[in-house]
Amino acid sequence: MPELPEVETIRRSLEPLVKGAKITEIKVNTPVTQPQATLFCEQLTKKEILQIARRGKYLIFYLDDALVLVVHLRMTGQLVYYPKTAPPSKHTHVIFVFENGAELHFTDTRRFGRMWLVPKTETFGIPGLDTLGPEPIDEGFDKKIIADKLARHKKMKIKIFILDQTIIAGLGNIYADEVLFASGIHPERRCEDISQKELAALCCAMQNILKEAITHRGTSFRDYVDGNRAKGEHQDFLKVYQRRDQPCLTCGKPIKCIKVGGRSSFYCPHCQK
DNA sequence: CCGTTCCTGGAT
DNA sequence: ATCCAGGAACGG
């Protein structure tokens, strides 16, 4: 489940490989594109990749000719670069072939991932991308940016709040649990009960943990790999996620798992109030 | 604002 | 054979 650190790691691994690369051919095996395959391929052929950016969990490929390719990997999506032509796997949905013979494969077992080809304008015309909240690892991200939103969602559980991409961009289930543990906040606390001090701690934990996870090249729990198919290391540093019944690394009491908003939520009942 | 849906592979 | 994993869109 690529979240901000994983998507950023993919961006960093891919950009040096495809910057300046010219697309000579696109193969679409599954309808995961917008517009549909024929138009998608037609518009993308002969375009050059100028740079790759990221917003939240979205990858944004800037192309010449004022076109933008946006990719969301959702749960199991992968974007892998092959220096030479490579055989597609069972779940390879889109292949970009470059002038130098290299290929970029989009594979996604669960087919939740999506690609959009849009003109370069101020907004992308992609609802989830246009409404994204602030980047938690940007300079100047702090509690002032989200304090008003916290006040406007009094009854919302704090975990649901930080998972909401319109409030903060990039957190998913793994990092939401890790961030709440680091700030000593129970995932079911209501926004109205979060103090200013706790909000500051939460923002601080977000920046620290997401940056640390990027340093570790992301969390490879099952499917995630970067643009070179390399796994990350951050799974070795997780303190609560997937650690049900294991001792809390702070107090030694067993980690609990409950459902919050239908999502499994790991936390320490002693350290998180 | 909550629950359901999409989708497949792995666990039970 | 059935359940579960979860990001985001959608319906009530």
Side-chain angles (χ1 to χ4, degrees), chain A residues 1-10 29-34 54-60 70-79 88-94 105-116 118 123-133 135-136 149-180 187-194 206 210 213 218-225 232 234-235 238 240-245 255-267:
Chain A
M1 38 219 110
E3 306 179 26
L4 187 153
E6 290 74 35
V7 178
E8 177 61 19
T9 304
I10 293 169
N29 303 320
T30 317
V32 295
T33 63
Q34 205 178 85
R54 180 194 56 76
R55 260 297 266 143
K57 302 172 195 171
Y58 290 83
L59 280 169
I60 303 165
V70 177
V71 181
H72 197 306
L73 302 169
R74 294 283 183 96
M75 312 288 305
T76 53
Q78 301 178 336
L79 270 179
S89 79
K90 185 181 170 187
H91 300 292
T92 302
H93 306 310
V94 182
H105 289 211
F106 172 68
T107 59
D108 182 10
T109 46
R110 291 168 70 179
R111 278 192 273 150
F112 286 173
R114 287 292 176 267
M115 290 187 178
W116 302 261
V118 296
T123 55
F124 295 93
I126 299 168
L129 178 53
D130 291 339
T131 57
L132 236 32
E135 283 289 321
K149 291 179 186 164
L150 187 80
R152 264 188 263 125
H153 293 273
K154 297 187 197 310
K155 299 296 173 192
M156 194 182 266
K157 290 173 182 172
I158 190 66
K159 180 168 176 185
I160 306 294
F161 180 80
I162 62 171
L163 278 173
D164 187 330
Q165 303 299 299
T166 68
I167 289 162
I168 304 149
L171 288 175
N173 208 33
I174 298 174
Y175 296 105
D177 282 359
E178 294 297 315
V179 160
L180 287 170
E188 289 184 298
R189 288 267 301 283
R190 304 281 169 179
C191 288
E192 63 185 342
D193 297 326
I194 303 294
M206 278 178 211
L210 293 171
T219 300
S220 289
F221 209 76
R222 38 177 88 90
D223 299 280
Y224 165 72
V225 289
H234 196 69
Q235 60 276 12
L238 298 175
V240 286
Y241 184 77
Q242 283 291 338
R243 294 196 64 247
R244 186 208 309 240
D245 297 335
I255 298 300
K256 276 190 141 189
C257 181
I258 55 170
K259 293 281 179 188
V260 181
R263 302 282 172 253
S264 35
S265 301
F266 301 86
Y267 73 102

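Protein chains get the first letters and strands the later ones, always in sequence-line order, with residue 1 at the start of each.
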Which comes earlier along DNA chain C counting from the 5' end, the contact point of A/Leu129 or that of A/Lys259, where each point is its nearest nucleotide?
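It is A/Lys259 whose nearest nucleotide is closer to the 5' end.
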So, does [X] get its side chain near the phosphate of [N], meaning an N or O under 4.0 Å from OP1 or OP2?
X        : N     : answer
A/His91  : B/dC7 : no
A/His72  : C/dG7 : no
A/Lys154 : B/dC1 : no
A/Gln165 : C/dA8 : yes

Which residues pass the ring-ring contact (aromatic ring centres under 6.0 Å, His included) test with A/His91, sequence neighbours left out?
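If we apply the ring-ring contact (aromatic ring centres under 6.0 Å, His included) test to A/His91, skipping adjacent residues, there are no hits.
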Considering residues at least two apart in sequence or located in another chain, which fulfil the ring-ring contact (aromatic ring centres under 6.0 Å, His included) criterion with A/Phe124?
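Checked A/Phe124 against ring-ring contact (aromatic ring centres under 6.0 Å, His included); zero matches.
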Between [X] ([atom1]) and [N] ([atom2]), how many Å, whole number?
X        : N     : atom1 : atom2 : result
A/Lys159 : C/dG7 : NZ    : C1'   : 12 Å
A/Leu171 : C/dG7 : CG    : C1'   : 13 Å
A/Met75  : B/dC6 : CE    : C1'   : 11 Å
A/Ile168 : C/dA8 : CD1   : P     : 13 Å
A/Asp108 : B/dC6 : CG    : P     : 16 Å
A/Gln78  : C/dG7 : CD    : P     : 16 Å
A/Ile258 : C/dA5 : CD1   : P     : 13 Å
A/Tyr224 : C/dG7 : OH    : C1'   : 17 Å

If you restrict it to nitrogen or oxygen atoms, what contacts under 3.5 Å exist between nucleotides 2-5 of chain B and the protein, and what is each distance?
none

Only pairs at least two apart or in different chains count here, so list each salt bridge (charged side-chain N to carboxylate O under 4.0 Å, His left out) that has a residue in residues 169-180 of chain A.
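For residues 169-180 of chain A, and leaving out neighbouring residues, the salt bridge (charged side-chain N to carboxylate O under 4.0 Å, His left out) pairs sorted by first residue read A/Lys159-A/Asp177.
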Answer with base, sugar-phosphate or nothing: what part of the nucleic acid does A/Tyr241 contact at a heavy-atom distance below 4.0 Å?
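Touches sugar-phosphate only.
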Give one of base, sugar-phosphate or nothing for A/Met1, where a contact means two heavy atoms less than 4.0 Å apart.
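A/Met1: backbone/sugar contact only, no base atoms under 4.0 Å.
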Given [options], which nucleotide is nearest the side-chain atoms of [X]?
X        : options             : value
A/Arg110 : C/dA9, C/dG7, B/dC7 : B/dC7
A/Arg74  : C/dA9, B/dC7, B/dC1 : C/dA9
A/Ser264 : C/dA9, B/dG9, C/dA5 : C/dA5
A/His153 : C/dG7, B/dG9, B/dC1 : B/dC1

Using side-chain hydrogen bond (donor to acceptor under 3.5 Å, both in side chains) as the criterion, list what pairs up with A/Gln242, not counting sequence neighbours.
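Partners of A/Gln242 by the side-chain hydrogen bond (donor to acceptor under 3.5 Å, both in side chains) criterion come out as none, since no residue qualifies.
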Considering all heavy atoms of both residues, which atom of A/Phe106 and which atom of A/Gly77 are nearest to each other, and what is their separation?
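Looks like CE1-CA, 4.4 Å.
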Looking only at heavy atoms, which two atoms of A/Lys157 and A/Val260 are closest? And how far apart?
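Looking at all heavy atoms of both residues, the shortest contact is CD-CG1, 4.0 Å.
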With a 4.5 Å cut-off on side-chain heavy atoms, are A/Asp108 and A/Val32 touching?
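With C-beta onward as the side chain, the pair stays apart.
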Sequence neighbours excluded, which residues qualify as salt bridge (charged side-chain N to carboxylate O under 4.0 Å, His left out) partners of A/Lys256?
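Listed in chain order: nothing, the list is empty.
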